[in-house]
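Right, one structure below, let's go through it.
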Amino acid sequence: MTDLTNLNKLVRAARDAVEARGETFYPGPSRIHLAAFPPKERWNDWVELDSKAWPARVEKRYMLVPTTCFNCESACGLLAYVDRDTMQVRKFEGNPEHPGSRGRNCAKGPATLNQITDPDRILYPLKRAGRRGEGKWVRVSWDEVLNDLGDRIRRAITEGRPNEVMYHVGRPGEDGYTERVLAAWGVDGHNTHTNVCSSGGRAGYHYWMGLDRPSPDHANARVILLVSSHLEAGHYFNPHAQRVIEAKQNGAKLIVFDTRLSNTATHADHWVAPYPGSEAAILLAIANDVIQRGLYHREFVRRWWNWQEYLAHEHPGLAPSFETFEQILKTLYADYTFEYAAAESGVDAGVLRELAGVVASAGTRLSTHTWRSAAAGNLGGWQVPRTLFFLNALLGAVATEGGTYPNAWNKFVPRPIYVPPHPPIWNELTWPREYPLAINELSFLLPHLLKDGRGRLDVYFTRVYNPVWTNPDGFSWIEALTDERLVGLHAALTPVWSETAFFADYVLPMGLGSERHDLHSYEQYDGQWIAFRQPVLRAARERLGDRATDTRQINPGEVWEENEFWIELSWRIDPDGRLGIRRWFESKQTPGQKLTVDEYYAHIFDHSVPGLPERAAGEGLAPLEFMRRYGAFEIAAQIGPLHERRVPPEELADVRVDPLGRVYTRAPAPATSNIVPTGSPEPDAEGRRPVGVQVDGETLRGFPTPSGRLEFYSRTLAEWGWHESALPTYIKSHIHRERLAADQMVLISTFRLPVQIHTRSANAKWLNEIAHTNPLWIHPGDARGLGLRTGDLVRVETETGYFVVKAWVTEGIRPGVVACSHHMGRWKVREAGERQMMATVSLDRSGGRWSMRQIQGAQPFASEDPDTLKIWWTDVGVHQNLTFAVHPDPVSGQHCWHQAVRVHKAGPDDRYGDIAVDTARSMEIFRQWLALVRQADRYSPNGTRRPYWLMRPLRPSKDAYRLPDRGRPAAVSGE
Ligand code: SF4
C-alpha cells in the first residue's frame with residue numbers, strides 16, 4: 001500500500017512537471033495517469049531507444065497498432081509495436097485506450113510475442129498421411145481443404161444428416177459469429193467447452209436473474225467477497241484484479257474463500273479455507289444471520305424478489321402479503337446456523353460470525369463473484385453462485401455503485417450485418433434430453449454419447465479446443481476420435497499443436513491475437529465498451545496505403561483467421577446459392593460478391609454501435625478506421641440499475657399483464673439498443689414478448705426472467721423436477737465427507753496458474769520459464785502420515801486409474817485435501833508438438849486399459865530462436881485429467897471436477913508422470929452419474945425438451961423444442 005501511495009505521488013509529480021512545461025500529460029480513457037503510455041496522437045510514428053543497442057543511443061521507430069489479447073477471456077487491449085523498418089512486431093504492451101484493461105496486462109499479454117515467433121507453430125494446412133493419430137502429415141492447399149470440407153458438409157445437409165456436422169469451440173472469438181454461420185447452414189451443431197468450465201457458475205446466476213454472469217463493481221465496493229482465486233485466475237482476471245486492488249487502496253475489505261492459499265488469498269483481509277463443497281453452507285449461514293437480524297434491504301426485497309410467485313405456488317392458503325413472506329423467510333434458513341456451517345466447512349463458527357458482520361456492513365456496496373472454483377468442483381456446485389448472489393439480493397447490492405450487476409447491463413453486443421433464422425432441428429449429442437436445464441452443451445460427454453450409439457459425426461471441427469487434454473477422461477476422447485465409424489472427419493482449427501490435433505485429419509493453422517479479427521465486449525465495470533481484435537500487420541500496411549483482401553496475404557506462412565475461413569467455406573458448401581446458404585455470406589454493397597471482413601465490421605461500426613460514428617467523425621475517421629486506429633470504444637459509463645428504468649410508451653402496444661405483474665407487448669423491440677436485457681423469456685400464448693414488469697404501479701424494465709423479477713424462487717426448477725432446489729440451498733457434494741472412505745482425500749484440480757492458460761500458452765517461452773510444472777500440494781500433517789517430503793513421488797489413485805506426481809509439502813492447503821493445477825502435463829507421442837512444454841511419452845493400450853509413460857521431458861533444441869537452446873527445465877508436469885471420470889451435474893450439466901482420491905508414496909516401479917486408466921470403468925461411472933438425472937421425457941411440464949427462456953448459444957426454432965413423441969413436426973429430423 002505504501003509503495004502504491006508513493007507511486008501515485010510520483011505520478012502526480014510527473015504530471016505536474018509535464019504540465020508546467022506547457023505539454024499535455026497523457027491521461028487517456030484509462031484514467032490511471034501513467035505517463036509511460038505513448039500519446040495516441042503519436043502512435044503512427046513513435047520513437048524509442050533500442051534497449052539492445054545500449055549504451056549506444058539507437059532510435060527505433062514504431063507504428064503502434066491496437067488489438068486484443070487472445071490468451072484468456074478478458075480481451076484486454078494490446079498495442080503492437082510494429083517496427084517501421086522491418087514491418088515486424090517487436091513487442092506488445094497495454095492499450096491505454098481500452099476501457100476494460102486500461103493499458104494494463106498480465107504476463108500473458110506481452111507474451112503474445114513469443115507465440116507469433118514460436119518456432120514450433122503450425123504455418124500451413126496439414127492433412128494426415130497415415131492412420132489417424134499415427135503422426136504422419138502432408139502439406140496441402142487451403143483449396144483442397146475447403147473443397148473437401150465443403151463437399152462433405154453439403155452432402156450431410158442435402159442428405160438430411162445435418163446433425164452430423166459439429167463445431168466444438170474452446171476459446172470463442174466474437175460473440176455469436178460462428179453460431180450465425182451454423183444457423184445459416186441450418187445445423188444445430190454448436191458445441192462449447194463451457195460444461196468443463198463455467199456452467200455451474202452460470203446456472204446459479206441464470207436462475208436468479210435470467211442472465212448467466214455477474215458484473216461486480218469491485219472498484220467502488222465497501223466489501224468484496226470472492227469464492228475463487230480471482231486476482232490471478234478468475235474470470236476477467238486482469239480487468240477485475242486491478243479494480244479489486246483499487247478498492248483495497250480505498251479501504252475496502254476483501255474476503256476470499258479458497259481451500260488453497262492462492263495469490264488472491266494472500267491479499268485478503270479475511271481468508272477462509274473451507275472444506276471443499278461446503279461454501280454454500282457458509283453463505284447460507286451468513287444469509288440467515290442477515291435475515292434473523294433484519295439487516296436485509298426490505299424495500300429492495302419487496303420490489304424486486306418474486307416473493308408473490310413463491311407464495312402463490314408454495315403457500316396458496318396464506319395471505320399474499322410481503323409480511324407473510326418475511327415471516328416464512330425467517331424460518332426457511334433458520335437451520336443454517338454458524339455452528340452448522342462450521343461443522344460442514346471446518347471453519348470456526350466465531351470466524352463465520354465475524355465474516356457475516358463484515359458482509360452486512362457493506363450494505364449496497366457488496367461486490368461478489370464466483371465462477372469456476374467451487375461451482376465447477378462439486379455436485380450441486382451451481383448453488384454456490386445462487387447462494388452468493390442471495391447475499392447481494394438480500395442487501396439490495398444489485399446494480400448499485402459498488403454492488404453486483406447482471407452482466408448484460410455492462411456489456412454490448414451489436415447487431416451484425418445478417419441474422420440467419422434459427423435452425424429447425426435439435427441435436428441430442430449436445431443437448432441430450434437427460435439434461436433439460438443444463439446451461440450449456442453436454443460437451444464433455446461427446447465420446448460417451450457417441451460410444452453409446454446415440455449418433456455419429458461426419459464432419460467435426462475443433463476450434464482452439466483440446467478436449468483430449470483439457471477434458472476429463474481424455475483416453476475416451478482418443479478412442480472416439482480414432483474410430484472413423486464415430487467421427488468421419490476431424491478438422492482441428494488451431495494456432496498451436498495440441499493433444500487433440502494429433503488425432504485430426506486436417507490441422508488448420510489459425511491466427512493468434514494479433515493475426516485475426518474479432519469483436520469483444522465484457523462486463524468489467526459499470527460501463528459498456530466494445531473492442532476490436534485485428535491482424536496488426538494488415539492494419540499497419542493499410543495505414544501505409546497497402547490493401548489486403550485476405551488475412552493470409554499478411555500472416556506468416558498460410559495462417560488464416562476463422563471469420564474469412566467460414567465465409568469461404570460457406571461459399572464452397574453452396575457455390576451457386578441454391579441451398580440458400582450463400583446469401584448470408586454475400587456483400588450488401590456489391591451483391592453477388594463475397595462478403596469481406598472489412599464490410600462486415602464496417603457495417604457493424606456504422607450502424608450498430610451507438611456514438612461510434614460521431615466520435616470517429618470528430619477525428620475525421622470512418623468508424624472502421626477509428627477502431628483500426630484505437631482498438632476500443634467506450635459506449636457508455638455508469639449504466640446504473642437498468643431494471644428500474646421505465647418502459648417507454650412506444651414499447652407498450654396491445655399489452656397484457658399477467659396476475660403477477662409481468663407485462664407483455666406486441667410492440668417490436670428497438671433495433672439497436674442494449675437497454676433491453678438479453679436472454680429470452682418465453683413469449684405469452686398469443687405471441688407477445690415480455691417487455692417489463694409492474695412494480696408499485698409502474699411498468700419497469702425488470703429482469704429477463706419468466707417473472708421479470710429476481711427469482712428467489714425458481715418456478716422453472718420446481719416444475720422441471722427439482723422442487724427441492726428451487727430456492728437458494730446447500731447440496732452436499734459428491735466429495736462430502738459422508739461419502740468418502742476413511743482413507744480417501746479430496747483432490748482439487750481446478751485452479752489456474754497466473755501465467756499459463758490451458759493449451760495456448762505452451763508456446764510462450766517467457767511464461768514457460770516462469771511456470772512449467774504442477775506438483776501436488778499436501779499439508780505437512782498429511783505428508784508426515786504418508787512419510788512424504790517435498791519432491792517425493794506420490795501415486796494418486798482416482799476412480800478410473802492413477803497418476804504419479806511430485807509432492808509439494810505446504811501449509812497453504814487444508815489438511816485432508818490435496819491440490820494439483822490443471823495447467824500442466826502437456827505431452828506428445830511423436831516429433832510434432834510444442835517442444836518447450838510437451839513431454840514425449842509412450843502410449844500403450846490393451847482394450848480399454850491405457851497407460852502412459854514419459855520418455856523425455858522438455859529439452860533444449862536448435863531453432864531460429866536462439867533461446868530454445870537455453871531451455872533449462874525438463875519437468876513439464878503431469879496430465880492428471882486423463883485419470884478423471886466424467887461427473888455431469890444433473891441440473892447444470894457442469895462437470896464436477898473434485899475427486900475422491902487415495903494418495904500413497906509411489907512404488908518402486910512408478911515413474912514420474914506415469915498414468916494408467918481403464919476406460920470401461922469410465923463408462924460405468926458415466927452411467928452412474930446419468931442415473932441422477934430427471935429427464936425431459938418424464939419431467940417436462942409442457943412437452944418441450946427444455947424451458948424456452950433458458951439461454952442456449954445457438955437457439956433452434958421453437959418447433960424443435962418439442963419432444964418428438966409429443967407432437968413434434970415432421971420437418972424436424974436428424975435423430
Ligand atoms: S488477463 Fe492477461 S491473458 Fe487475459 S486478456 Fe488480459 S492480458 Fe491477456
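Atoms within each ligand, like the ligands themselves, are counted from 1 in listed order.
- The pair E73-R372 meets the salt-bridge criterion, with a side-chain N (NZ, NE, NH1 or NH2) lying under 4.0 Å from an Asp/Glu carboxylate O.
- Contact between R121 and P495 at its shortest, heavy atoms only, is CB-O, 4.4 Å.
- Protein heavy atom nearest atom 6 (Fe) of ligand 1, with residue, atom name and distance: C76 SG, 2.3 Å.
- Close approach of ligand 1 to A75 is summarised as follows: ligand atoms under 4.0 Å from at least one heavy atom of the residue are 5 (S).
- At a threshold of 4.0 Å, the pair K91-E48 counts as salt-bridged, since one of the basic side-chain nitrogens sits closer than that to a carboxylate oxygen.
- Residue contact check: K108 has heavy atoms under 4.0 Å from atoms 3 (S) of ligand 1.
- Closest to atom 1 (S) of ligand 1, if we only count protein heavy atoms, is N238 CB, 3.4 Å.
- Closest to atom 2 (Fe) of ligand 1, if we only count protein heavy atoms, is C106 SG, 2.3 Å.
- Of the charged side-chain nitrogens involved, none lies within less than 4.0 Å of a carboxylate oxygen, so that R243 and D217 do not count as a salt-bridged pair.
- Here the heavy atom of the protein found nearest to atom 8 (Fe) of ligand 1 is C69 SG, 2.4 Å.
- When each atom of ligand 1 is checked for a heavy atom of G109 under 4.0 Å away, the hits are 7 (S).
- Remark: minimum distance from atom 4 (Fe) of ligand 1 to any protein heavy atom is reached at C72 SG, 2.2 Å.
- Between R628 and D598 there is a salt bridge, since at least one side-chain N of the basic residue sits less than 4.0 Å from a carboxylate O of the acidic one.
- With hydrogens and angles left out, the side-chain atoms of N471 and Y465 include a donor and acceptor closer than 3.5 Å.
- In summary, the side chains of E562 and Y167 do not present any donor paired with an acceptor at a separation below 3.5 Å, with no hydrogens or angles considered.
- Taking a cut-off of under 4.0 Å to the non-hydrogen atoms of N105, the atoms of ligand 1 that pass are 7 (S).
- Close approach of ligand 1 to N71 (heavy-atom distance below 4.0 Å) involves ligand atoms 3 (S).
- Of the heavy atoms in S101, none comes closer than 4.0 Å to ligand 1.
- Heavy-atom neighbours of K765 NZ from other residues, nucleotides or ligands within 6.0 Å: above the threshold of 12.
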